[in-house]
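Heads up, the thing below is written out as structure tokens.
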Amino acid sequence: MRSRAMPKPSWNLDYMMWVFTRLSGLSLILLIVIGISAGLLMGARSQMDLGTLMRWTFFPNSNHVLDSEIPDLYLWANGFWQIMQILVVFFAATHGFNGLRVVIEDYSLSGFWQIFLRFLILLLWIFSIMVGIYVILGS
Amino acid sequence: MALSRKVSLSAGAKYKGGGPMLAWVLHRISGLGIIIFVTLHVIASFFTQQFGSDLGISINIIYESIYFQLFIVFCAIFHGVNGFRIIVLDIWPRLIRYQKESTWLEWFVILPLYGLTVFIMIQRFLEG
Ligand code: HEM
């Protein structure tokens with residue numbers, strides 16, 4: 001088995017997604033650092049536990065940490081964090097579902113099944129981004 | 001993009017790719033682990049919230065268990081650190097010469113980070 005060749009730089013799906021995977025990876029690290037720092041501030045007065053910190057870090061939505069009795073939680077439900085959540089959802093879903101596509105297509109798929117599975121992944125991608133944004137804007 | 005695989009599973013398992021191969025396998029498993037978990041979590045929450053269905057609650061029980069959490073935390077830490085390593089090597093291709101060393105180096109970051117997290121998680125789990 002040869003290793004997968006790096007896609008040739010041009011306007012094709014594989015190269016665009018290769019670049020996007022790297023950029024979104026870096027963006028996710030940045031978003032996580034911002035989220036974790038804010039989570040530490042948020043939990044400083046109430047000895048927030050690790051699970052809550054992680055839930056806030058990976059999806060900085062005030063409803064995601066409701067069970068933890070954080071004082072003045074409403075202060076954390078604002079437009080800034082809504083934008084951060086949308087960025088997390090967009091980068092993670094796009095990066096992750098494209099990764100899923102890459103793994104599937106490594107196993108010798110072509111023709112009908114490739115198109116079918118690409119379509120299925122596209123649907124899942126659209127669905128999860130829509131559900132994500134619906135939850136974010138509704139909370 | 002489809003590759004033709006002319007290698008049997010047993011031959012593949014004996015291939016001695018060392019650290020970088022282990023990193024590749026774990027990167028794949030951890031990436032899939034995260035995307036499957038996130039998708040399940042979104043679907044479960046959506047069904048619980050919209051239709052009050054029990055399906056969501058039974059999925060929740062799976063990933064609230066400590067074993068699942070130990071697994072998914074490893075996935076997240078490994079995938080993030082190893083992904084960063086991949087990106088650095090891609091930006092500065094000359095560093096590929098040190099690819100083996102880079103996979104050792106990343107374990108110096110991953111093991112303490114994961115070890116500390118596991119310690120806290122198990123401590124809290126035992127406290128109940
Ligand atoms: C800390 C943030 C992250 C970083 C730095 C990162 C980095 C990367 C990189 C560089 C790759 C390409 C690997 C390659 O070309 O061999 C990759 C693949 C992948 N990532 Fe991530 N990632 C991150 C977060 C995520 C998240 C949140 C998910 C899931 C939602 C995810 C799922 C995947 C999957 C499924 C693959 C494909 C694995 C493969 O091709 O073997 N990643 N990641």
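Sequence lines set the chain letters: A, B, ... in the order given, protein chains first and strands last, and positions in each chain run from 1.
With contacts defined as side-chain heavy-atom distances shorter than 4.5 Å, the pair W81(A)/N61(A) does not qualify.
With a threshold of 4.5 angstrom between heavy atoms, L26(A) approaches chain B through its backbone and through its side chain. Using a 4.5 Å cut-off between heavy atoms, W125(A) makes no contact with chain B at all. For a residue to count as touching a neighbouring chain, one of its non-hydrogen atoms must lie under 4.5 Å from one of that chain's; by this rule I34(B) does not touch chain A.
Residues of residues 41-48 of chain B that come within less than 4.5 angstrom of chain A, heavy atom to heavy atom, are H41(B), V42(B), I43(B), F46(B) in numerical order. Of all residues spanning residues 65-74 of chain B, none has a heavy atom less than 4.5 Å away from chain A's heavy atoms. Below 4.5 Å, heavy atoms of chain A meet heavy atoms from I86(B), I87(B), D90(B), all part of residues 86-107 of chain B.
Within 6.0 Å of atom CD in E64(B), more than 12 heavy atoms from other residues, nucleotides or ligands are found, so the atom counts as buried in its surroundings. In the displayed structure, Y63(B) atom OH is contacted under 6.0 Å by more than 12 heavy atoms of other residues, nucleotides or ligands. By the 6.0 Å contact criterion, CZ on F80(A) is enclosed, its count of non-hydrogen atoms from other residues, nucleotides or ligands being greater than 12. Atom CZ of F119(B) sits in a sparse spot, with 12 or fewer heavy atoms from other residues, nucleotides or ligands closer than 6.0 Å.
Ion pairing of D14(A) with K8(A) is absent here, as no side-chain N (NZ or NE/NH1/NH2) approaches a carboxylate O to less than 4.0 Å.
Interface summary for chain B: among V135(A), I29(A), V131(A), L100(A), the most heavy-atom pairs under 4.5 angstrom belong to V131(A).
Annotation: side-chain contact (heavy atoms from CB on, under 4.5 Å) contacts of Y134(A) (sequence neighbours excluded): Q50(B).
Nearest heavy-atom pair across R45(A) and D72(A) is NH2-OD2, 3.6 Å.
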